[in-house]
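In what follows, every heavy atom counts, from backbone to side chain, and hydrogens, waters and symmetry copies are set aside. Just so you know, ligand 1 is whichever comes first in the structure, and atom 1 is the first atom listed for that ligand.
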Amino acid sequence: PMVRELFGLSDLEAALRKRFGLKQAVVVPGDSDVSEEAKRELGRAGSKVLRRVIGPGDVVAVMGGTTMARMASQFSVPSPLRDNWFVPARGGLGESVDYQANTIASELAKRTGARYRMLHVPDHLSEDAYQTIMQEPNVREVVDMIRSARIVVHGIGDASAMARRRKLDAGTVQEILRDGALAEAFGYYFDREGAVVHRMATAGLRLEDIEAAESVIGIAGGRSKGEAIAAVMRFGHDDVLVTDEAAAEEALKHA
Ligand code: G3H
C-alpha cells in the first residue's frame, strides 16, 4: 500500500526503464495473479506495443503461454499486414495446445491477414535427433525464418512453475533449481543475475538470435512473477517490458 501511494503507474514505468535500461516500460493497474481484468489489460497493452513496433516485411517470432494468448486474442490492426510473418519462437515446449507458440503465431496471423509458419518439432531433443531433424528442408526453412526475426515477443514465468507445467523430467527440474534457476523465458532458465542455466540444442531461437533481434518485447504480470521478471531483465536483451503494477513493484524490490 505504501508503494502504491508513493508511486503512480508512470513513476513505476520510469523506474523500470531506468533500473533495467529499457527503451519502454508499460505498467497496467492491478495484479494479474488475482485479477482477470488486470491480465486482460496486460494482454491489451502488449498488443498495442506490438502493433506499434511492426514494420513492413517484419518477421515476428512469438513465444507461448497464457499471457501471450491474452495478447494475441486482443490483437487487431487497422489494415491487413500482408507482408508480415508470424512464426513460433520455439518448437513444442510441452504446453497445452491453446498456449503453444504455434497456436499463438497462427492466431495473430489470422487476426491480421499476415502469413505464418508452424514449427512441428518438439523442443527437447537429443543432439542426434536435433542434427537429423535440422536436415529436413521444411524444418530448416522455418528455423531460418525464426532465427531471422526482427521482433521477438515473449512471456516470463517462474522457473519451478514452468518446469512443472512443461513436464520436464524430475532430474532436470532438480538440476536447474539447484543451479539457481528462478525465471523462465524463451524456453531458457535464468538465475537471479540473469545468467542462463541449463542450455540445450533447440530448433528455435538461440540466445544469439535474441541478442540480434531489434525489438524484444516481454509481457508478464502478477506479483508472483516479480522476481522472475527482474532476473530476465538482468539478462538484458529486452527493449520493452509490459507488466502490471504488482509485478512492477516486486521486480523493483529485486532490482
Ligand atoms: O515463458 C513463460 C511462460 O510462457 C509464461 O506463461 O503467461 O502462462 O504465465 P504464462
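Closest to atom 8 (O) of ligand 1, if we only count protein heavy atoms, is Thr66 OG1, 2.5 Å. Nearest non-hydrogen protein atom to atom 7 (O) of ligand 1 is Thr67 OG1, 2.5 Å. Counting protein heavy atoms only, atom 3 (C) of ligand 1 is closest to Met162 CE, 3.5 Å. In this structure, atom 5 (C) of ligand 1 lies nearest to the protein heavy atom Ile156 O, 3.7 Å.
The backbone N or O of Tyr99 sits nowhere less than 3.5 Å from a side-chain atom of Ser96 that would complete a donor-acceptor pair. At least one donor-acceptor pair closer than 3.5 Å links the side chain of Arg147 to the backbone N or O of Gly204.
Within the 4.0 Å heavy-atom cutoff, Lys225 counts among the residues contacting ligand 1. At least one heavy atom of Arg166 sits less than 4.0 Å from an atom of ligand 1. Not a single heavy atom of Met63 sits closer than 4.0 Å to an atom of ligand 1.
Using a 4.0 Å cut-off between charged side-chain N and carboxylate O, Glu250 and Lys253 make a salt bridge. Taking 4.0 Å as the cut-off between side-chain N and carboxylate O, Asp58 and Arg150 count as a salt-bridged pair. The pair Glu37-Arg40 does not count as a salt bridge, with every side-chain nitrogen at least 4.0 angstrom from each carboxylate oxygen.
Interatomic distance, CD1 of Ile176 versus CZ of Phe190, reported as 11.5 Å (0.5 Å rounding).
Proximity annotation for atom 6 (O) of ligand 1: of Glu184, His154, Arg90, Arg165, Arg165 comes nearest, heavy atoms only. Of the options Gly155, Gly64, Gly157, the smallest heavy-atom separation from atom 4 (O) of ligand 1 is shown by Gly64.
Placement of Leu241 and Val232 within a single hydrophobic cluster is found when ILVMFWY residues are connected by side-chain heavy-atom separations under 4.5 Å, directly or transitively.
Of all the atoms in ligand 1, the ones that sit under 4.0 Å from a non-hydrogen atom of Gly65 are 4 (O), 6 (O), 7 (O), 8 (O).
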